[in-house]
J.: 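I have a structure I would like to understand better, so I am pasting it below and will then ask my questions one at a time.
Below, chains carry the letters A, B, ... as their sequence lines are ordered, and counting in each starts from 1.
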Protein chains: 2
Amino acid sequence: MTSSAEENYLKAIYKLHEKSGNMVTTSSLAEMLKVSAASVTDFVKKIAAKKLVTYEKSKGVKLTDKGRLIAVNIIRKHRLWEVWLVNKLDFKWDEVHEIAEQLEHIISDDLIDHLDKHLGYPTTDPHGDLIPDSKGKFAKNNSKPLLDCVAGDKVKFIGVAEHSNNFLQYLTKNNLSLGDEIFVESVEDFDNTFSVKLNKKENKVFSKEVVKNLLVAVIE
Amino acid sequence: MTSSAEENYLKAIYKLHEKSGNMVTTSSLAEMLKVSAASVTDFVKKIAAKKLVTYEKSKGVKLTDKGRLIAVNIIRKHRLWEVWLVNKLDFKWDEVHEIAEQLEHIISDDLIDHLDKHLGYPTTDPHGDLIPDSKGKFAKNNSKPLLDCVAGDKVKFIGVAEHSNNFLQYLTKNNLSLGDEIFVESVEDFDNTFSVKLNKKENKVFSKEVVKNLLVAVIE
DNA sequence: TTTAATATTTAGGCAAACCTAATTAATATT
DNA sequence: AATATTAATTAGGTTTGCCTAAATATTAAA
């Protein structure tokens, strides 16, 4: 059986691999999971014995197909629960992560099927992240950071690259929600400050730090 | 902090006390929780040290007010989740127990408040069991077993005294749902077999074993 | 009331998932 | 290339919640 701890390790390995593309190190896992490096070494040996990861001593771990499937499934559950919390229970997008961290470990395929149906088979979560299907497949993602846009571009805000409550609350405060249209009026090339028009009415200025974390799709 | 194990012990003690009215014995707890008697003795000492129960060696345990509040809160959560599973996710009343057993341990008062609101502040679960309020108070319950009725009584089916899937499925198969009207046509006094009319149309015969587990309320 | 049966507790252990401190391996610096 | 720094592993421990087997209580039966 796969315990919560195991699911959390696999999910962490998946996310760290996504970010860096490399083998996942003991120390990065220790930091993400908030446990000691010694604990990670221990645990990683156990899941390697179960063929959920491949482990090279002192180098790091990589998910096997089996491990990846479990990880992606947890991500699927997490994101479906987040959709539920926001769309059905009226939570804000910055309030759902911790609760979904618990709900994602509930074990019942039937439950997830019913939940998925109840939600209308959503393909993205409240932060714009893709929800994989039950086989672990993700839809194609053609988003890019607003930072990569230039003056004159008209795009749609479809996701965030940074999920901290801090950033999410900044966006809320600045009246920016998923689906909004962003028209790039100008870009200051000294510091990459963006001057934009939101939904054809409101003018805003966003720093580089902000625009690199706003994921957008070109309209049409 | 209260762990899942602790919550399950307190809930089991609460339920066993409900049933017998007496102090709860080690062996009854062991049987209900499917652990050894030795484990129960161990655990009971720990929760007694936390003042969640009073423990008299070789005699049994009783909940303190503190322990009872935790137990009732778990029951509240369990029943709210069952309402959700049946009313919103379209599960059948015999499919929800195991899933709710997991969901009841999710920790977030906020979540329960939102869920309660989402469900329209229900006062009973899909089996007719009362849902206590957040302070642990139950509404008055004026139900009685159909067995206590006599020929000529007109009552409403409002709950079950036996929650096994077996019994629930028997009722479903016999077309009996909460809220149905039951008119007692006659009672065989040799063996307490009841002949009834359901919802003013369908005639049925129920054994003593069945009618003692059907909880009803007199109409008007 | 003495014995037999049943229930409970004690003693000693185990697995999971964590820890710290000490050691070894890998990487970076002079 | 030798040394210092940083990262990873090993060794030994802890806590939680469970176990079995042996010892004591309690309750029931002869």
J.: Can you list the residues that meet the side-chain hydrogen bond (donor to acceptor under 3.5 Å, both in side chains) rule with B:W93, with sequence neighbours excluded?
T.: B:T172
J.: Runs of at least three consecutive Watson-Crick or G-U pairs, both distances under 3.5 Å, are what I'm after; which ones involve DNA chain C?
T.: C:1-30 with D:1-30
J.: Using whole Å, report how far CG of A:L33 lies from C1' of C:dC19.
T.: 15 Å
J.: Which salt bridge (Lys or Arg N to Asp or Glu O under 4.0 Å) pairs, counting each pair once, include a residue from residues 65-75 of chain B, with sequence neighbours left out?
T.: B:D65-B:R68
J.: Side-chain donor-acceptor pairs under 3.5 Å in residues 205-213 of chain B, sequence neighbours left out?
T.:
residue: B:S207; atom: OG; partner: B:E209; partner atom: N; Å: 3.4
residue: B:S207; atom: OG; partner: B:V210; partner atom: N; Å: 3.3
residue: B:E209; atom: OE1; partner: B:K212; partner atom: NZ; Å: 3.2
residue: B:N213; atom: ND2; partner: B:E209; partner atom: O; Å: 3.0

J.: Of all residues at least two apart in sequence or in a different chain, which pass the ring pair (Phe, Tyr, Trp, His ring centres under 6.0 Å) check with B:H105?
T.: none
J.: Return a table of donor-acceptor pairs under 3.5 angstrom between the side chains of residues 134-150 of chain B and protein atoms on other chains or two or more places apart.
T.:
residue: B:N141; atom: OD1; partner: B:S143; partner atom: N; Å: 3.0
residue: B:N141; atom: OD1; partner: B:S143; partner atom: OG; Å: 3.0

J.: Among residues at least two apart in sequence or on other chains, which ones pass ring pair (Phe, Tyr, Trp, His ring centres under 6.0 Å) with A:F157?
T.: none
J.: Can you give the donor-acceptor pairs under 3.5 Å from side chains of residues 114-121 of chain A to other protein atoms, not counting sequence neighbours?
T.:
residue: A:H114; atom: ND1; partner: A:D110; partner atom: O; Å: 2.9
residue: A:D116; atom: OD2; partner: A:R76; partner atom: NH2; Å: 3.3
residue: A:H118; atom: ND1; partner: B:K88; partner atom: O; Å: 3.2

J.: Contacts to DNA chain D from residues 14-29 of chain A, heavy-atom cutoff under 4.0 Å, which residues?
T.: A:T25, A:T26, A:S27
J.: Could you give the NZ-to-C1' distance, from A:K45 to C:dA17, as a whole number of Å?
T.: 14 Å
J.: Just to verify, what does B:H97 make a ring pair (Phe, Tyr, Trp, His ring centres under 6.0 Å) with, not counting sequence neighbours?
T.: B:H78
J.: Nearest-Å distance, CE (A:M32) to C1' (C:dC18)?
T.: 19 Å
J.: How does protein contact run along nucleotides 11-27 of chain D, one letter per nucleotide 5' to 3', with B for base contact, S for sugar-phosphate only, - for none, heavy atoms under 4.0 Å?
T.: ------BBBB-------
J.: Closer than 4.0 angstrom, basic N to acidic O: yes or no for A:E82 and A:K77?
T.: no
J.: Counting only pairs under 3.5 Å, give me each side-chain donor-acceptor contact of residues 15-23 of chain B, with atom names and distances, residues two or more places apart or in other chains.
T.:
residue: B:H17; atom: ND1; partner: B:N22; partner atom: O; Å: 3.1
residue: B:S20; atom: OG; partner: B:L16; partner atom: O; Å: 3.2
residue: B:S20; atom: OG; partner: B:N22; partner atom: N; Å: 3.1

